[in-house]
Amino acid sequence: MNLPAVFAVAGWELRLAVRGRLVMGTALTFTVVCVLATLLGLRSLSDLGLAGVGPGTGALINLAILFPPLMGIMLGANSLSSARERSLLPLMLVQPLSRVGYVCGVVVGLVGAVWLTIGFGFGASAILLASIAGTADVAGLLAIVGSALGVGVVSVAIGVAIAALAGSRIQALGLSMGLWFLFAFAIDLVLAGVAAAVHLGPAGLFVGILANPLEAGRILMVLASGADALTLGPFGTYLDNTVGTAGAALAVLASLATWTALSLLVAYMGISRREP
Amino acid sequence: MMRTHRQNPSKDAKLLQIRGVSKSYADQVVLDDVSIELRKGDIALLVGANGSGKSTMLRCVAGLTSFEGTVRVLGADPRSADGRGLIGYLPQLVALPEPVTVGEVIGFFARLRAISVRSPEEFASAVPLPAGFLPALASPIGSLSGGMRRRVALAVALLGSPPLVLLDEPAASLDEEHTASLWETLQALRAAGGTALIAMPLMVTSLLRHDLASVADRAVLLDQGRVVHDGPVDSLRPSPTVGTGPALPRSSR
C-alpha cells in the first residue's frame, strides 16, 4: 500500500471535515454539553459533601454514545457519496493509490475529525474535573474517552460502508441517520419491550447488546470507567457469573472490532464493484 | 522530489493500446469494438456527438469502468497496481471542494503523486500551464467561477506530466481568452512529447478545426460507439447537422 498517499488522503479528508459545519457544530455542542454534565455532576456531589466523577459519569457516557457516533456515521456516509456525486472519486481513483488505500485514507481522516470532537468535549471535562475535584477521577474519565474513541472508529467505518453502497448522497445520509437512531434508541426500546414477552433472558440480551455497536460501546465505557459488571444490575450479575468483568469487556471489544472490520470490507467491496 | 514519467517510453513505443473495447449499459451498446493506438507524442481528438461514447471511452482507458476488450498504457492495465498513476484525467464535470484553496488542491494531488510543489520553481515544473492560467493559489475554490474551477481541475490532470493525459471536454466553461491559453498548453504538451486523448463535442471541433489542427495530430470520430473515422484533424468536414449528429469524414463525400 502506498502509505504516503494514504496519509495524504487522510489529511485531505480531515481538512475538509474540520472546515465543514457538521464537525464544527457538533464539536461545539458536544463540548458545551460535556462541560454542563460535568458541572452538574460535581455540583450534586458537593451538595452531598463528596467529590468525584460518579453521577456525572452516566451522563458523559450517554453523551459519548450519542454525539460522536452520530457525527462519525454521518461524516462517513457523506464522504464517498459526496466524492462520487462531485466526480471527485474518478479523479482520486486514477491516482497512484489503490481503492483499499483510498478507503483507508478516508476512514483515518474522518476518525481524526471524530477524535478531535471527542478530545474537545472530554478534554474540557477533564480540565474541570482536575481543577475542581482533583485528579483521582480523571483516570476513569480517560478510560471512557478511550472507549469513546473506539466507538468513533466503528461509527465512521459504518458510515463509509453506507456511502459505498448508497445510490446517492442524500440516500446515504438518510440511511446513516436511520441506522444511528436504530442503534442509539430503537433496538433498546424493542429489547426492553419484547425481552419478557419472548423470554429473551440475559443470554439473549447479551447477544442483542453485542449486535449493537453503540450498546457494546456503552457497556465498554461503563466497565472501562472502573465499575465491575455488577454495576449493570441483574444483567451484570449474569455477566459476572458467566464471563466475568474482563470477559464481558473482551466480548464487547470483539463486537466493536467485528463491526469495524465488516464495515470496511463492505466499503471496499462497494467501491471496487461500483463505477465511480 | 518530482517524479516524471515522460522520458520512460521511447518515441516509437505504443503508449496507449485500445483493442476491441466494447461496453454496454443494460441493453444499450455504448462502445462497440473500438480500437485505437497512440504512440508517444501523439495528441488525438476523440470527436463525436452527445452520447456517442467519448466519455465512456475515456473512463475505460482510465480504468474507471468495466468493459470487454483490452486497454494497455505503457503495457500495463490501468486498473492494475502498475497502471495506476500513469494517467492524468480531467472528467467532463468535476466539482472541487469549496472550503479549500487552489494551492491546497494542487498540493494534495501533488502529494498523491509524490511530486514536490513547495518552491515556485518546483511548482512551475510540476504544473505545465502558462503563467496566469491558474487563479491565485490562496483563492478558495468556493470563490471561483466555473471556468476558473475548470482551470484548476485541468492543472490537476496535467500535474507532473503523466505519460498519458485524458481530457474530457477541457474547453467547457472556458472563455475565449482561456480557451486560447488551453490551446497553448496543449501545444506545449505536444512540443514536449506528451501524449493525450482529448474528447471534444462535434460542434466545438467543427467551429475550431483550424485551432485544433495546431494542437492535435489526429481526430478519431465516434458514432454510436463505433470508430467511423481516424485521420488528420483537417479531414473532418463541417456537418450540416453540427451538434446533433456525427460529421462525416471527407473520404465519405
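All chains are named by letter (A, B, ...) in the order of the sequence lines, taking the proteins before the strands, and each is independently numbered beginning at 1.
Interface remark: B/V105 contributes backbone and side-chain atoms alike to the contact with chain A (heavy atom separation under 4.5 Å). Of the atoms belonging to B/R79, not a single heavy atom falls under 4.5 Å from chain A. Using a 4.5 Å cut-off between heavy atoms, A/V9 contacts chain B through both its backbone and its side chain. Using a 4.5 Å cut-off between heavy atoms, A/P4 makes no contact with chain B at all. Residue B/A81 does not touch chain A at all, counting heavy-atom pairs closer than 4.5 Å.
Between B/E104 and A/R19 there is a salt bridge, with a side-chain nitrogen of the basic residue lying less than 4.0 Å from a carboxylate oxygen of the acidic one. Salt-bridge formation is detected for the pair B/K23/A/E275: a Lys NZ or Arg NE/NH1/NH2 atom is positioned less than 4.0 Å from an Asp or Glu carboxylate oxygen. Using a 4.0 Å cut-off between charged nitrogen and carboxylate oxygen, B/R149 and B/E98 count as a salt-bridge pair.
Nearest heavy-atom pair across B/K54 and B/L46 is CD-O, 3.3 Å. Across A/S125 and A/V35, no two heavy atoms sit closer than the pair OG-N, 4.1 Å.
Seen from the ring of B/F133, B/R150 does not count as a face-on cation partner, given the 6.0 Å and 45° thresholds.
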Run the side-chain contact (heavy atoms from CB on, under 4.5 Å) check on B/C60 and B/L31 step by step: do they pass?
-> CA-CA 10 Å; B/C60 290; B/L31 294 173; 3.9 Å; yes
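B/R84 and A/N2 are not linked by any side-chain donor-acceptor pair at a separation below 3.5 angstrom, with hydrogens and angles left out of the test. The closest side-chain donor-acceptor pair between B/D33 and B/S22, if any, does not fall under 3.5 angstrom.
Highest contact tally toward chain A, considering only B/G88, B/P97, B/S66, is held by B/P97 [criterion: heavy-atom pairs under 4.5 Å]. Counting heavy-atom pairs closer than 4.5 Å to chain A, the top-ranked of the candidates B/I87, B/V156, B/L159, B/L96 is B/L96. Between chain A and the options B/L166, B/L90, B/T65, the largest number of non-hydrogen pairs under 4.5 Å is found for B/T65. Note: A/L91 leads A/V6, A/L91, A/L16 in heavy-atom pairs under 4.5 Å with chain B.
Taking the side chain as every heavy atom from C-beta outward, B/I198 and B/L186 approach each other to under 4.5 Å.
Contacts between residues 164-180 of chain A and chain B, counted as heavy-atom pairs separated by less than 4.5 Å, involve no residue at all. Within residues 101-123 of chain A, no residue approaches chain B closer than 4.5 Å by heavy atoms.
Between the side chain of A/S155 and the backbone N or O of A/G152 there is at least one donor-acceptor pair closer than 3.5 Å. Judged purely by atom type and a 3.5 angstrom limit, A/R86 has no side-chain atom pairing as donor or acceptor with the backbone of B/V94.
Summarising the local packing, CZ of A/R15 is surrounded by more than 12 heavy atoms from other residues, nucleotides or ligands at distances under 6.0 Å.
In this structure, B/F108 and A/W12 have parallel ring planes: the angle between them is below the 30° cut-off, well short of the 60° mark.
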